[in-house]
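Chain letters run A, B, ... following the sequence lines, proteins first, then strands; residues in each count from 1.
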Protein chains: 2
Amino acid sequence: MEHIESAKNPKVKQVNRLHHKKYRERDNKFIIEGEHLIETAIEAGVAIERVFVTNENKLSPLINQANVSLLTVTESIMKEMSQVETPPGLLAVVEMPAHELSGPAGKGMYLLLDAVQDPGNAGTMIRTADAAGLDGVVLGEGTVDPYNDKVIRSTQGSIFHVPVVKGELTEWIEKCQRQRIPVFGSSLQDGTSHTALGSQPAFALLVGNEGAGVRGELLGLTDQNVYLPLYGKAESLNVTVATGILLYHLRP
Amino acid sequence: MEHIESAKNPKVKQVNRLHHKKYRERDNKFIIEGEHLIETAIEAGVAIERVFVTNENKLSPLINQANVSLLTVTESIMKEMSQVETPPGLLAVVEMPAHELSGPAGKGMYLLLDAVQDPGNAGTMIRTADAAGLDGVVLGEGTVDPYNDKVIRSTQGSIFHVPVVKGELTEWIEKCQRQRIPVFGSSLQDGTSHTALGSQPAFALLVGNEGAGVRGELLGLTDQNVYLPLYGKAESLNVTVATGILLYHLRP
């Protein structure tokens, strides 16, 4: 097993470049850390370029037996490559899943995100979409990069389960409607209470930015806008909580 | 208006003491920051001891007209008192709401938190409980202090709307059951799917720790345990999302 002691090693430098979106997009690769995410990637059949570890004995049987290139590095190099305060000591460079989500085909359940900026929120929404059994998540303009380390961590592995693509939301709304898939916009007040809607065999749910909600321009294109009643004195729900309530309400 | 320029001023020192749970509990006071929270506290009729501001002109009409003691401080003193990276320039010392939640009285909807440690999660759950119109939130042993600044921020003001108390969960479960209020434990797999449960005129929902879930000991005391089906490949839902789905499903 190759052992790296210099931060100038090109493989270490590659990892540090992948901290930046520009290089992730150029190379079609990103970084994951920790046993759980690496095991999830292996199980999902994602191409893993290499795994860095500070201590060989830390490798789980699944990682050890997977046919991946393993390297050991010093603690200080791991600290430099890691994007968390307490590095788990296990880091991998993986290829972006080549998710084909060319468009809805007359059925399916989709989540469309309009300008969701907080990485934790975006990641939790992808995790919730996976839990709800959705067919895809479309990230519209202004939404955080899904291969950002905080998004990845918040997905808890769902980034490898549910297709996540970037897209133009006006086009996606139109595509869904052409296939007779109803598009529901999440709104703060206007529209129908979710209690008036039954479960839907196919749908796209459009949710929006943490502060501003879905852009009015997009809400004007949907089939129906839906809000969650506020029974107490709270002015709104957290956007990831609202997304979870709506997805579990709408899905059959 | 009194102007403070010294960090040794006793009123500044009081604020800094209130960063610690020990002093918050001794004095029955806590700190809130920013216009929205201070206005919410005023509207909720919470007793406000004093408001510090870096710039008098920053005061909203509501705060200006409220009958509260106002002081100006320098930016550097505000930075010392503030618990956020970018202080909003407006900070208040307020009294803990004297929420009487002596017990359920044959009806009501309650959320019981078992060892929820993350302040953002606890705060978001309180906000969700408010939105769902609940009558109270009970924080069991091991749950973060609700007057921690991060909890307060995540509640977005709901800490002033819905009664939040600390309590012994075994006692609360028993109290609810004596009043014929069914207690539902949130479980990862065991129990009934939420889809098999209709809405409930009165209930207590018991949710648990981010990693471990509700302690088995408590799940053994409930009337019924309930899980949310995972339709995709995600291993679990985020605990605040799961709480939101269950509360909006259970409430009438």
Passing option when Val241(B) is tested against Thr243(A), Asn238(A), Thr240(A) for side-chain contact (heavy atoms from CB on, under 4.5 Å) = Thr240(A)
Validation row: Lys233(B), Glu43(A) side chains within 4.5 angstrom (heavy atoms) = no
Sort Thr124(A) into side chain, backbone, both or neither according to what part of it lies under 4.5 angstrom from a heavy atom of chain B.
-> side chain
Between Arg251(A), His161(A), Gln156(A), which has the largest tally of heavy atom pairs under 4.5 Å with chain B?
-> Arg251(A)
Tyr248(A) side-chain N/O to Pro229(B) backbone N/O, donor-acceptor pair under 3.5 Å | yes
Which atoms form the tightest heavy-atom contact between Ser236(B) and Arg127(A), and what is the distance?
-> OG-NH2, 2.8 Å
Checking heavy atoms, do the side chain of His249(A), its backbone, both or neither come under 4.5 Å from chain B?
-> neither
Max heavy-atom pairs within cutoff under 4.5 Å with chain B, candidates Ala132(A), Ser154(A), Ser158(A), goes to Ala132(A)
For Leu237(A) against Ala131(B), the heavy-atom pair lying closest together = CD2-CB, 3.6 Å
